[in-house]
Amino acid sequence: MNPDFLPFMQELAHAAGQAIAPYFRTDGITDNKAAGGAFDPVTEGDRAGEAAMRSLIADAHPEHGIIGEEYGISNGDADYVWVLDPIDGTRSFISGIPTWGTLIGLTHKGIPVAGMMAQGFTNERFFGDGNTAFYRGPGGTRPLQARACASLAEATLFTTDPRLFQETERERYLAVESTVRLTRYSADCYAYCMVAAGHADLVIESGLKPHDIVALIPIIESAGGIITSWDGRPATQGGTVVAAGDRRVHEAAMRVLNAT
């Protein structure tokens with residue numbers, strides 16, 4: 001990536017973490033954004049984290065655009081646009097489980113060029129920019145490298161919750177789940193980072209927005225993985241998403257998901 005925005009992304013992650021921390025494992029206010037249907041929570045931590053990042057971006061790069069989950073789009077036609085999700089995994093956040101993260105993505109002319117998932121409570125960061133991918137946490141810093149996985153029968157699969165799929169999507173997802181070695185639920189952005197880190201092989205989800213996925217695309221790809229929509233298009237706009245550490249298991253999942 002040129003120029004190098006990593007130091008600034010670290011600043012954004014730190015600011016968001018500081019703003020969010022007072023609301024984790026507390027009795028803070030939780031609102032429901034859904035107008036019916038599945039519970040879609042938002043907390044004061046979500047709003048505080050995004051506001052902190054937006055303030056830094058406005059000061060340091062006023063020419064850049066922003067797409068944020070909580071406060072929408074500003075200058076969305078700019079060459080560089082930050083795509084922010086202050087707390088991806090709010091359901092885990094309000095349940096006191098640290099499988100949530102702050103997603104900080106950067107696009108250049110619509111293409112994701114850098115992404116970071118920052119977990120402030122565990123002090124972990126996952127980063128990718130097309131050239132390098134690394135993990136930094138309590139155990140130090142190390143490269144991210146997806147692992148080999150030749151077939152669905154060998155794969156560890158993540159999804160947030162099968163109940164979030166539409167009916168026909170759920171049937172196709174369950175057809176994949178029935179063939180894998182191990183399935184885990186409710187990891188949100190952590191699932192993609194575990195694929196990038198070589199601890200899991202496949203993530204299948206639906207109903208995503210750009211702020212849910214843009215930051216994760218460079219992390220997966222820079223670690224040697226692949227991430228697309230269910231029909232093979234770029235995953236930048238969200239919707240149905242398949243992420244895998246090995247192209248062979250990605251292709252196998254796609255065949256099942258698109259079987260007629």
Side-chain angles (χ1 to χ4, degrees), residues 1-24 28 31 33 42-90 93 100-136 188-190 192-193 196 208-222 234-238:
M1 180 181 61
N2 185 24
D4 180 12
F5 284 105
L6 175 58
F8 185 61
M9 295 181 86
Q10 299 277 30
E11 290 183 40
L12 293 175
H14 178 74
Q18 292 289 103
I20 291 167
Y23 300 98
F24 186 51
D31 297 324
K33 293 191 291 186
V42 60
T43 72
E44 288 304 309
D46 293 90
R47 299 184 181 106
E50 185 169 323
M53 291 189 286
R54 281 179 173 267
S55 178
L56 282 177
I57 294 167
D59 288 344
H61 299 286
E63 74 282 9
H64 289 187
I66 302 173
I67 297 173
E69 179 178 19
E70 306 308 331
Y71 296 110
I73 301 174
S74 301
N75 195 21
D77 294 329
D79 283 352
Y80 282 103
V81 176
W82 296 90
V83 185
L84 309 174
D85 190 346
I87 302 176
D88 182 79
T90 304
F93 184 89
W100 51 272
T102 297
L103 296 180
I104 305 168
L106 180 64
T107 64
H108 182 244
K109 297 183 177 179
I111 305 299
V113 293
M116 177 176 288
M117 191 283 264
Q119 216 302 327
F121 185 73
T122 60
N123 197 27
E124 295 180 289
R125 293 179 185 177
F126 299 80
F127 173 81
D129 69 356
N131 297 311
T132 187
F134 70 80
Y135 163 84
R136 182 173 297 159
D188 295 288
C189 57
Y190 249 102
Y192 298 87
C193 293
L208 302 186
K209 301 293 192 295
H211 56 255
D212 296 314
I213 199 67
V214 164
L216 297 164
I217 293 172
I219 298 173
I220 290 283
E221 293 180 342
S222 301
T236 312
Q237 296 304 311

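Hydrogens, waters and symmetry mates play no part in the numbers below; they use all other heavy atoms, side chains included.
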Between Tyr192 and Ile220 the two heavy atoms that sit nearest each other are O-CD1, 3.2 Å
Could you report the tightest heavy-atom contact between Ala78 and Gly65, atom names first, then the distance?
CB-N, 3.5 Å
Using modelled atom types only, decide if a donor and an acceptor are shared between the side chain of Thr102 and the backbone of Pro86 within a distance under 3.5 Å.
yes
Least distance between heavy atoms, Pro62 atom then Asn75 atom:
O-ND2, 4.4 Å
Applying side-chain contact (heavy atoms from CB on, under 4.5 Å), name anything that partners Ala19, two or more places apart in sequence or on another chain.
Ala48, Ala52
Summary of side-chain hydrogen bond (donor to acceptor under 3.5 Å, both in side chains) pairs that have at least one residue in residues 59-68, sequence neighbours excluded:
His64-Trp82
Under 4.5 Å between any side-chain heavy atoms of Tyr71 and Leu84, yes or no?
no
Starting at CG of Asp188, measure out to OG1 of Thr90 and round the result to the nearest 0.5 Å.
8.0 Å
Would His14 and Glu11 count as a side chain to side chain contact (heavy atoms under 4.5 Å, CB included) here? Give the steps.
CA-CA 5 Å; His14 178 74; Glu11 290 183 40; 5.8 Å; no
Nearest-0.5 Å distance that lies between atom CD in Glu70 and atom NE2 in His211
7.5 Å
Residue pairs, two or more places apart or on separate chains, that pass salt bridge (Lys or Arg N to Asp or Glu O under 4.0 Å) and touch residues 77-88
none
CD of Glu50 to CE of Met53, rounded to nearest 0.5 Å, is 6.0 Å
Of all residues at least two apart in sequence or in a different chain, which pass the side-chain contact (heavy atoms from CB on, under 4.5 Å) check with Gln10?
Leu6, Met116, Arg125, Phe134, Arg136
Ala215 and Pro218 have their tightest heavy-atom pair at O-CD, 3.4 Å
Please find the pair of heavy atoms, one from Gly101 and one from Met117, that lie closest to each other, and give the distance.
CA-SD, 3.8 Å
Residues that Phe121 engages under ring pair (Phe, Tyr, Trp, His ring centres under 6.0 Å), provided they are two or more places apart:
Phe24
Taken to the nearest 0.5 Å, the spacing of Ile219 CD1 from Asp129 CG works out to 10.5 Å
Taking every non-hydrogen atom, the tightest pair across Phe127 and Ala114:
CE1-CB, 4.4 Å
Can you tell me how far OG1 of Thr107 sits from CD1 of Ile217, rounded to the nearest 0.5 angstrom?
10.0 Å
Roughly how far apart are Trp100 CH2 and Asp46 CG, rounded to 0.5 Å?
9.5 Å
pair Phe126-Leu216: side-chain heavy atoms closer than 4.5 Å:
no
Of all residues at least two apart in sequence or in a different chain, which pass the side-chain contact (heavy atoms from CB on, under 4.5 Å) check with Thr122?
Pro98, Gln119, Glu124, Tyr190
